[in-house]
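Read through the structure below, which is laid out as structure tokens, and then see the notes.
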Amino acid sequence: MATKGHLFILSGPSGVGKGTVRKELMKDPSLRLFYSVSMTTRSPRPGEVDGKDYYFVTPEQFDDNLRRGNLLEWAEFVGNRYGTPKDKVEEMLCSGKNVLLEIEVNGTMEVLAKCPDAISIYLMPPSFAALEARIRGRSTESEEIIEQRLAKARHELTMGDKYKYRVENDDVLRAASEIAAIIKAA
Ligand code: 5GP
């Protein structure tokens, strides 16, 4: 049987740049890293692809997955739900692949309670102003949703000490190389 892979959680406030850092990490084949695509009830942003960025599902489909115990963790975030499909993660880990979850802080706590060996990495913004600029810069959302995301981010910024590693996203390539070193060390 193949050795089990490691489970890595890349987390941190919305808008900190988790997706950009993750895409950088995925370019390095030596990390043998596989991304777990989440399920969400949120609508796709322009350019987002179903099955690649997220599985975009209806609230009923999400409920159905919850009922059938198909989610490793899930969380509500600014009016939408997000969850990690359990079977896919288990399949990848059992075949010796390293799996990367990119999730928010409450979901991270749920995964750590179930999988204490998971390696948690908290991506921090250089400042709150930088985070706000990124959230506003996406400009695909209404002012109301932006304000809710900022309020959520203020809370998420207090959670860094719950993680095994904290990495500052002052520069995408630098942050990605720091995380790559953490992954290699595991
Ligand atoms: P966004 O709407 O900006 O794509 O995502 C909102 C937040 O939900 C981000 O912090 C993102 O990392 C997080 N997220 C994405 N997928 C999941 C998931 O499967 N579970 C949890 N708990 N959070 C997720």
Side-chain angles (χ1 to χ4, degrees), residues 1-26 31-45 48-123 149 152-153 155-156 158-167 176 179-180 182-186:
M1 209 176 86
T3 319
K4 252 192 142 194
H6 291 287
L7 182 58
F8 296 93
I9 308 172
L10 179 60
S11 185
S14 158
V16 72
K18 298 189 286 288
T20 322
V21 170
R22 182 241 309 167
K23 282 177 189 144
E24 209 44 55
L25 289 168
M26 301 306 293
L31 300 177
R32 296 196 318 280
L33 203 55
F34 291 77
Y35 175 55
S36 158
V37 178
S38 294
M39 200 174 281
T40 183
T41 58
R42 143 162 108 56
S43 310
R45 294 192 184 116
E48 283 184 331
V49 177
D50 186 40
K52 188 164 167 267
D53 296 291
Y54 281 109
Y55 297 107
F56 294 100
V57 297
T58 62
E60 293 72 26
Q61 287 169 319
F62 199 96
D63 282 339
D64 188 47
N65 276 280
L66 256 183
R67 232 185 342 262
R68 289 189 284 122
N70 278 354
L71 298 178
L72 174 61
E73 61 73 37
W74 73 279
E76 173 137 8
F77 188 94
V78 189
N80 288 300
R81 287 179 292 166
Y82 299 78
T84 303
K86 188 160 82 182
D87 49 352
K88 298 210 168 82
V89 171
E90 279 174 355
E91 234 174 74
M92 290 192 279
L93 288 174
C94 286
S95 60
K97 293 172 176 162
N98 292 325
V99 177
L100 182 69
L101 308 183
E102 186 197 309
I103 62 179
E104 52 71 76
V105 293
N106 295 323
T108 303
M109 298 306 125
E110 202 182 329
V111 177
L112 289 176
K114 289 179 184 165
C115 316
D117 292 339
I119 296 152
S120 58
I121 303 160
Y122 182 88
L123 197 62
R149 280 185 180 261
K152 186 96 182 167
H155 164 69
E156 290 177 321
T158 64
M159 301 287 282
D161 60 349
K162 308 254 187 268
Y163 288 73
K164 181 154 189 200
Y165 298 100
R166 280 161 296 282
V167 174
I179 296 171
I182 293 170
I183 295 172
K184 283 182 180 154

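Note that the coordinates shown come from a computational prediction; the quantities given were computed from them, not determined experimentally.
Glu104 places a side-chain N or O within donor-acceptor distance of the main-chain N or O of Gly107, the cut-off being under 3.5 Å. Under the 3.5 Å distance criterion, the side-chain polar atoms of Asn98 are matched with a main-chain donor or acceptor of His6. Asp53 contributes a side-chain N or O that, together with a main-chain N or O of Val49, makes up a donor-acceptor pair within less than 3.5 Å. Using a distance-only test at 3.5 Å, with no hydrogens or angles considered, a donor-acceptor pair links the side chain of Ser120 to the main chain of Lys164. Of the possible donor and acceptor atoms, one in the side chain of Ser11 sits under 3.5 Å from a partner among the backbone N and O of Ile103.
Looking only at side-chain heavy atoms (C-beta outward), Leu7 and Asp117 stay at 4.5 Å or farther from each other. Looking at Val57 and Asp64, their side chains never come closer than 4.5 Å, going by heavy atoms from C-beta outward. Between Phe8 and Leu101 there is no side-chain heavy-atom pair separated by less than 4.5 Å. Proximity of Leu100 to Leu10: side-chain heavy atoms (C-beta onward) are separated by under 4.5 Å at one or more points. Looking only at side-chain heavy atoms (C-beta outward), Val21 and Glu24 stay at 4.5 Å or farther from each other. No side-chain heavy atom of Leu66 sits less than 4.5 Å from a side-chain heavy atom of Asn70.
Looking at every heavy atom in both residues, Leu31 comes nearest to Leu25 through CD1-O, 3.7 Å. The shortest heavy-atom contact between Val111 and Ala118 is CG1-CB, 4.4 Å. Scanning all heavy atoms of the two residues, the minimum distance from Asp161 to Thr158 falls at OD1-O, 3.8 Å. Across every non-hydrogen atom of Ile182 and Val167, the tightest pair is CD1-CG2, 4.0 Å. Between Pro13 and Tyr122, the closest heavy-atom pair is CD-OH, 3.5 Å. Smallest separation of non-hydrogen atoms from Ser14 and Phe77: CB-CZ, 3.4 Å.
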Checklist entry - Could you go step by step and tell me if Arg81 and Asp63 meet the salt bridge (Lys or Arg N to Asp or Glu O under 4.0 Å) rule? => result CA-CA 10 Å; Arg81 287 179 292 166; Asp63 282 339; 2.9 Å; yes
Item to check | Full working for side chain to side chain contact (heavy atoms under 4.5 Å, CB included) between Asn80 and Ser43 | outcome: CA-CA 9 Å; Asn80 288 300; Ser43 310; over 6 Å; no
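Crowding of Lys114 atom NZ: a count of heavy atoms from other residues, nucleotides or ligands under 6.0 Å exceeding 12.
Note on Lys18 versus Glu102: no salt bridge recorded, every NZ/NE/NH1/NH2 to OD/OE distance being 4.0 Å or above. For the pair Lys152 and Glu76, the salt-bridge criterion is not met [side-chain N within less than 4.0 Å of a carboxylate O].
In this pair, Trp74 and Phe62 present their aromatic rings perpendicular. The plane angle is above 60°, beyond the 30 to 60° band.
The OH atom of Tyr165 sits 10.5 Å away from the CD1 atom of Ile183 when rounded to the nearest 0.5 Å. Rounding to the nearest 0.5 angstrom, the gap separating the CG atom in Leu72 from the CD atom in Glu110 is 7.5 Å.
Pairs engaging residues 84-94 under the side chain to side chain donor-acceptor pair (under 3.5 Å) rule: Glu73-Thr84 [sequence neighbours left out].
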Run the side-chain donor-acceptor check on residues 32-39: report pairs under 3.5 Å with partners two or more places apart or on a different chain.
none

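For Tyr55 and Thr40, the side-chain atoms include no donor-acceptor pair closer than 3.5 Å.
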